[in-house]
Amino acid sequence: MTRIGLIRVLTSSNPRLLNLHGHAVREAFGVDVLSRAVQEQPEGVHDRRTHDAAAPKVLAIAAELAHQVDGIMISCSSDPGLDEVRGLVDLPEVGAGSAGAAAALALGSRVGVLALGSAPPRAVSQVLGSHQYSVRSPDGVRHTQDLLTPSGVYETYRAAERLVDDGADVILQACTGLTSMGVALELRRRYGLPVVDAVLAAGSALTLQLAALGAQRSSEQLTAATR
């Protein structure tokens, strides 16, 4: 079975929380997932400082996982360390931010970005370009752990409603903490728009890459065997 190495950038002593993204990817795509989390990032990644702190830790975990998995997924919307991992590891690698943004562009041209803070991650903005139509964030939410509170949930729905009022035709969850909340289905139900879950977008992109590589190898082996 295909095995994905999934790297979390949130440090937590709660194993259920740390394995939520891996479980979601496993259930959606039928792959085995080996999850690892960086250390000393209890608030995850929510600004440039925490992004820069996470990047070398992500790189170290990717090097550790490289001989145990078929592909690597960075489960964070700012894609910390993604470019460095691509230079180090000879495997398919995907970041949730860029994958989520690409998926949103396939569904609409006015992308409403649900983010932490007033500016979305650079990995998201770089892909969306001029299609980044509106950016909203939950009031009072400073980092990922704040989302997992009653007020964080309430303010998340309010922020999504503002994106709809702005005229967005697709909503991108540009924080993987929103995957941990499991709000995508409810957002779709409430507002009648496509809602892109960045974690599942990355899982889809990576499993498609791995399937294509597997088909190519099978074809090459068949060709070699019939010569």
Side-chain angles (χ1 to χ4, degrees), residues 1-12 14-38 44-45 54 57-107 121 123-124 127 144 172-185 188 194-222:
M1 178 184 287
T2 298
R3 172 178 275 192
I4 288 174
L6 186 149
I7 303 175
R8 297 290 312 272
V9 297
L10 174 69
T11 305
S12 173
N14 183 336
R16 178 183 174 278
L17 178 61
L18 290 177
N19 287 300
L20 272 174
H21 294 184
H23 178 75
V25 171
R26 185 182 299 112
E27 289 296 304
F29 307 109
V31 294
D32 190 20
V33 180
L34 182 59
S35 295
R36 293 287 184 270
V38 302
V45 169
K57 301 172 189 176
V58 168
L59 188 62
I61 293 175
E64 207 175 283
L65 289 174
H67 302 295
Q68 306 174 60
V69 299
D70 302 296
I72 290 175
M73 173 180 158
I74 301 173
S75 197
C76 174
S77 291
S78 70
D79 294 357
L82 179 60
D83 290 339
E84 293 84 353
V85 170
R86 284 175 171 161
L88 173 74
V89 177
D90 187 22
L91 292 173
E93 307 93 7
V94 172
S98 49
L105 286 177
L107 296 170
V124 169
V127 175
T144 302
L172 168 61
Q173 294 184 169
C175 170
T176 58
L178 294 165
T179 300
S180 301
M181 293 168 68
V183 295
L185 286 175
R188 293 182 192 116
V195 176
V196 176
D197 181 309
V199 172
L200 294 182
S204 175
L206 186 52
T207 52
L208 285 171
Q209 283 188 49
L210 291 171
L213 277 174
Q216 179 183 344
R217 287 171 184 152
S218 295
S219 176
E220 290 171 351
Q221 289 170 357
L222 180 61

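All heavy atoms count here, side chains included; hydrogens, waters and symmetry mates do not.
Nearest heavy atoms, S78 versus V45: OG-CG1, 3.3 Å. Minimum interatomic distance between P92 and D70 (heavy atoms only, all atoms of both residues): CD-O, 3.4 Å. The nearest pair of heavy atoms linking D32 to M1 is N-SD, 3.4 Å. Closest heavy-atom contact between S35 and G22: OG-CA, 3.9 Å. The minimum heavy-atom distance linking T144 with G177 is given by the pair CG2-CA, 3.7 Å. For the pair V127 and L105, the tightest heavy-atom approach, listed with the atom from each and the gap, is O-CD1, 3.5 Å.
The CG atom of L18 lies 14.5 Å from the NE2 atom of H23; values are rounded to the nearest 0.5 Å. Separating the CD atom in Q173 from the CE atom in M181 is a distance of 8.5 Å, to the nearest 0.5 Å. Taking NE2 from H21 and CZ from R8, the interatomic distance works out to 4.0 Å, rounded to the nearest 0.5 Å. Atom CZ in F29 sits 8.0 Å away from atom CD1 in I4 (nearest 0.5 Å). Between the CG atom in L6 and the CG atom in N19 there is a gap of 9.0 Å [rounded to 0.5 Å]. With rounding to the nearest 0.5 angstrom, the CG atom of L34 is 10.0 Å from the CD1 atom of I72.
Counting only heavy atoms from C-beta outward, the side chains of R86 and L82 approach each other to under 4.5 Å. A 4.5 Å side-chain heavy-atom check between L10 and L17 finds at least one atom pair inside the cut-off. Counting only heavy atoms from C-beta outward, the side chains of I74 and D79 never approach each other to under 4.5 Å. L65 places none of its side-chain heavy atoms less than 4.5 Å from the side chain of L91. Using a 4.5 Å heavy-atom cutoff, the side chains of T11 and V38 are in contact.
Counting heavy-atom neighbours within 6.0 Å of N14 CG, excluding the residue itself, gives a total above 12.
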Give the table of side-chain donor-acceptor pairs shorter than 3.5 Å for residues 199-215, with sequence neighbours excluded, one pair per line with atom names and distance.
| residue | atom | partner | partner atom | Å |
| --- | --- | --- | --- | --- |
| T207 | OG1 | G203 | O | 2.9 |
| T207 | OG1 | S204 | O | 3.0 |

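For T176 (side chain) and S75 (main-chain N/O), a donor-acceptor pair under 3.5 Å exists by modelled atom type. Looking only at distances, no side-chain donor or acceptor of D197 sits under 3.5 Å from a matching main-chain atom of A184.
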